[in-house]
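Data first, discussion second: the structure below is written as structure tokens.
Keep in mind it's a predicted model, so treat the numbers as computed, not measured. These numbers come from the heavy atoms of this one structure, side chains and all, not from hydrogens, waters or symmetry mates.
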Amino acid sequence: MCKAGEILSNVNLQGDYYSVEFYAPEIAQTAVAGQFVHVKIGDERGDWILRRPFSICNTDSEKGTVNVVYKVVGKGTAELSRIAPGVCCDVMGPLGNGFVPVEDATPVAVCGGYGAAATFMLTRSSKKGVLLLGARSTADIILTDRYEKAGFDVRLATNDGSAGTKGFVTDLIPQLLAERPGEKFCFYACGPHPMLMALAKLLKKLGQEGQLSIDHRMCCGVGSCFACVVKVVDPGSADGWRYARSCSEGPVFKLEDVYVEE
């Protein structure tokens with residue numbers, strides 16, 4: 001019989017990108033798009049003593065499974081990529097605040113690289129939307145087949161022009177708005193911090209509605225250590241901002257709460 005946290009599959013998608021499926025029925029029952037799990041990888045030696053946070057890509061409540069898509073970027077994720085099915089990990093979650101679908105708006109997921117994993121569960125909405133995915137090159141384009149199968153209109157931007165529009169993912173937004181004037185959108189985003197800040201600035205300028213997943217390197221994952229703070233708007237402070245714990249107050253913040261440096 002499967003134990004909670006057991007790895008059912010752990011496969012390479014392409015390059016440094018992997019997809020792992022955990023048996024975690026309690027998490028699968030309650031998780032929403034934008035939340036994350038905190039995974040203890042291996043034993044407590046050296047670089048693996050801290051848990052690693054991963055956005056939840058998808059869940060299956062009937063099978064009790066939780067899918068995570070990750071990129072090998074360090075020793076912890078490299079170790080995870082080597083763990084075979086049948087091994088149990090300590091998986092804590094679901095954690096953080098996720099995206100809140102706006103029912104009367106067309107969902108637009110704006111993602112950088114594997115940030116597309118954090119927004120995928122939005123495809124469960126009855127209102128089919130758009131995926132705007134940005135990456136350095138074709139090698140970093142992932143999950144588009146899953147979005148297309150879910151009925152989303154997929155549009156790409158790459159820095160080197162190897163796929164879609166040459167440029168940044170934010171370059172795709174004015175074109176989308178011009179094509180569909182008068183349509184109400186809500187933008188849901190996850191990706192590198194510079195991308196998110198540029199997106200927040202653009203969406204505020206355009207008067208659009210949005211929710212952004214903004215996080216920082218996490219330690220505890222539950223708001224106790226204050227290591228993952230990010231700046232959020234605070235009209236009552238002298239500087240107009242305060243620090244918020246991205247693991248517990250986020251990682252998803254409403255656009256109006258996102259503080260953008262001038």
Walk me through whether Asn12 and Tyr17 qualify under side chain to side chain contact (heavy atoms under 4.5 Å, CB included). CA-CA 6 Å; Asn12 178 249; Tyr17 296 95; 5.7 Å; no
Residue pair Pro181 / Ala178: nearest heavy atoms and the distance that separates them: CD-O, 3.5 Å
Considering only heavy atoms from C-beta outward, does the side chain of Val110 approach that of Leu172 to under 4.5 Å? no
Check whether any side-chain heavy atom of Phe22 lies under 4.5 Å from a side-chain heavy atom of Val39, and answer yes or no. yes
Just by distance, no angles: are the side chains of Ser19 and Asn67 close enough, under 3.5 Å, to form a donor-acceptor pair? yes
Side chain proximity check, Val108 to Leu176, heavy atoms < 4.5 angstrom: yes
Could you see if Val72 belongs to whatever hydrophobic cluster contains Leu13? Use Ile, Leu, Val, Met, Phe, Trp, Tyr and a side-chain cutoff under 4.5 Å. no
Flag yes if Tyr259 and Met195 sit in one hydrophobic cluster, no otherwise; membership is Ile, Leu, Val, Met, Phe, Trp, Tyr, and two members link when side-chain heavy atoms are under 4.5 Å apart. no
Hydrophobic cluster of Met92, others only, ordered by chain and residue number, side-chain cut-off 4.5 Å: Phe36, Leu95, Met218, Val222
Distance, nearest 0.5 Å, that separates CG of Asn159 from CG of Asp140: 9.0 Å
Within the structure provided, determine whether Pro107 and Lys128 are in side-chain contact (heavy-atom separation under 4.5 Å). no
Minimal heavy-atom distance between Val68 and Ser55, with the atoms involved, is CG2-O, 3.8 Å
Salt bridge (charged side-chain N to carboxylate O under 4.0 Å, His left out) evaluation trace for Lys231 with Glu261: CA-CA 9 Å; Lys231 290 181 178 180; Glu261 302 278 0; 2.8 Å; yes
State which residues pass salt bridge (Lys or Arg N to Asp or Glu O under 4.0 Å) with Asp90; sequence neighbours excluded, sorted by chain then number. Arg51
Heavy-atom closest contact (Leu196 atom, Ala189 atom, distance): CD2-CB, 3.8 Å
I'd like to know whether Val130 forms a side chain to side chain contact (heavy atoms under 4.5 Å, CB included) with Arg180, so could you lay out the CA-CA distance, the side-chain angles of the two residues, the decisive distance to 0.1 Å, and finally the verdict. CA-CA 12 Å; Val130 182; Arg180 296 156 74 164; 3.6 Å; yes
Same apolar cluster: Val233 and Tyr243, side chain cutoff 4.5 Å: yes
Could you grab the distance from atom CE of Met197 to atom OG1 of Thr170, nearest 0.5 Å is fine? 13.0 Å
Residues 28-35 side chain polar contacts: donor-acceptor under 3.5 Å, at least two apart:
{"unit_1": "Gln29", "atom_1": "NE2", "unit_2": "Ser61", "atom_2": "O", "d": "3.3"}
{"unit_1": "Thr30", "atom_1": "OG1", "unit_2": "Glu26", "atom_2": "O", "d": "3.4"}
{"unit_1": "Gln35", "atom_1": "OE1", "unit_2": "Val32", "atom_2": "N", "d": "2.9"}
{"unit_1": "Gln35", "atom_1": "NE2", "unit_2": "Gly96", "atom_2": "O", "d": "2.9"}

Suppose the criterion is ring-ring contact (aromatic ring centres under 6.0 Å, His included): which pairs have a residue in residues 127-150, not counting sequence neighbours? Phe120-Tyr147, Tyr147-Phe152
Under the salt bridge (Lys or Arg N to Asp or Glu O under 4.0 Å) test, residues paired with Glu103 that sit two or more places apart: none
When you measure from the side chain of Asn97 to the backbone N and O of Val252, does any donor-acceptor pair fall under 3.5 Å? no
Decide yes or no for Leu177 and Phe185: does some side-chain heavy atom of the first lie under 4.5 Å from some side-chain heavy atom of the second? yes
Listed pairs under 3.5 Å, donor-acceptor, residues 205-215 side chains, sequence neighbours left out:
{"unit_1": "Gln211", "atom_1": "OE1", "unit_2": "Val100", "atom_2": "N", "d": "2.8"}
{"unit_1": "Gln211", "atom_1": "NE2", "unit_2": "Val100", "atom_2": "O", "d": "2.7"}

Do the side chains of Leu202 and Ile173 get nearer than 4.5 Å, heavy atoms only? yes
Could you tell me the separation between the OG atom of Ser162 and the CZ atom of Arg136, rounded to the nearest 0.5 Å? 12.5 Å
I'd like to know if Ile27 and Leu80 are part of one continuous hydrophobic network [Ile/Leu/Val/Met/Phe/Trp/Tyr, side-chain heavy atoms within less than 4.5 Å]. yes
Sorted by chain and number, sequence neighbours left out, salt bridge (Lys or Arg N to Asp or Glu O under 4.0 Å) with Glu21 holds for none
With side chains defined as the heavy atoms from C-beta onward, is the minimum distance between Thr106 and Glu183 less than 4.5 Å? yes
Quick check for you: to the nearest 0.5 Å, what is the distance between Leu143 atom CG and Cys111 atom SG? 9.0 Å
Shortest non-hydrogen contact between Ile142 and Gly113, atoms and distance: CG1-O, 4.4 Å
Taken in chain and number order and not counting sequence neighbours, the residues that satisfy salt bridge (Lys or Arg N to Asp or Glu O under 4.0 Å) with Asp153 are Arg155
Electrostatic pair Glu249-Arg242, nearest N-O below 4.0 angstrom: yes
Does the pair Val258 and Val232 meet the rule for a side chain to side chain contact (heavy atoms under 4.5 Å, CB included), with working shown? CA-CA 5 Å; Val258 175; Val232 296; over 6 Å; no
Filter on ring-ring contact (aromatic ring centres under 6.0 Å, His included), then keep only pairs touching residues 90-111, sequence neighbours left out; what's left? Phe99-Tyr188
Would you call Asp104 and Lys184 a salt bridge, taking side-chain N to carboxylate O under 4.0 Å as the test? yes
Determine whether Leu199 and Val169 fall in the same hydrophobic cluster, where Ile, Leu, Val, Met, Phe, Trp and Tyr are linked whenever their side-chain heavy atoms lie under 4.5 Å apart. yes
Is Thr165 reaching over with its side chain to a backbone N or O of Gly167, donor-acceptor style, under 3.5 angstrom? no
By side chain to side chain donor-acceptor pair (under 3.5 Å), which residues pair with Asp60, not counting sequence neighbours? none
Does a donor on one side chain and an acceptor on the other come within less than 3.5 Å for Asp239 and Ser237? no
Sidechain-backbone polar pair: Asn10 side chain, Ile83 backbone, donor-acceptor under 3.5 Å: yes
Does Gly223 offer a backbone N or O that forms a donor-acceptor pair with the side chain of Arg245 under 3.5 Å? yes
Tell me if the CD atom of Glu62 is crowded by more than 12 foreign heavy atoms within 6.0 Å. no
For Thr138 and Ala163, the nearest pair of non-hydrogen atoms, with its separation, is OG1-CB, 3.7 Å
Using every non-hydrogen atom in the two residues, find where Pro101 and Leu122 come nearest and quote the distance to one decimal. CG-CD2, 4.4 Å
Taking only residues at least two apart or on different chains, which pairs with a member in residues 53-91 satisfy ring-ring contact (aromatic ring centres under 6.0 Å, His included)? Tyr18-Tyr70, Phe54-Tyr70
Could you tell me the separation between the CG atom of Leu132 and the CG atom of Leu156, rounded to the nearest 0.5 Å? 9.5 Å
Once rounded to the nearest 0.5 Å, what's the spacing between atom CD1 of Ile7 and atom SG of Cys88? 8.5 Å
Just by modelled atom types, is the Val260 backbone N or O under 3.5 Å from a matching donor or acceptor in the Lys204 side chain? no
Partner residues of Arg124 under the side chain to side chain donor-acceptor pair (under 3.5 Å) criterion, sequence neighbours left out: Asn58, Thr59
Any sub-3.5 Å donor-acceptor pair from Thr123's side-chain atoms to Ala150's backbone N or O? no
Just wondering, do Ile56 and Met121 contact through their side chains at under 4.5 Å, heavy atoms? yes
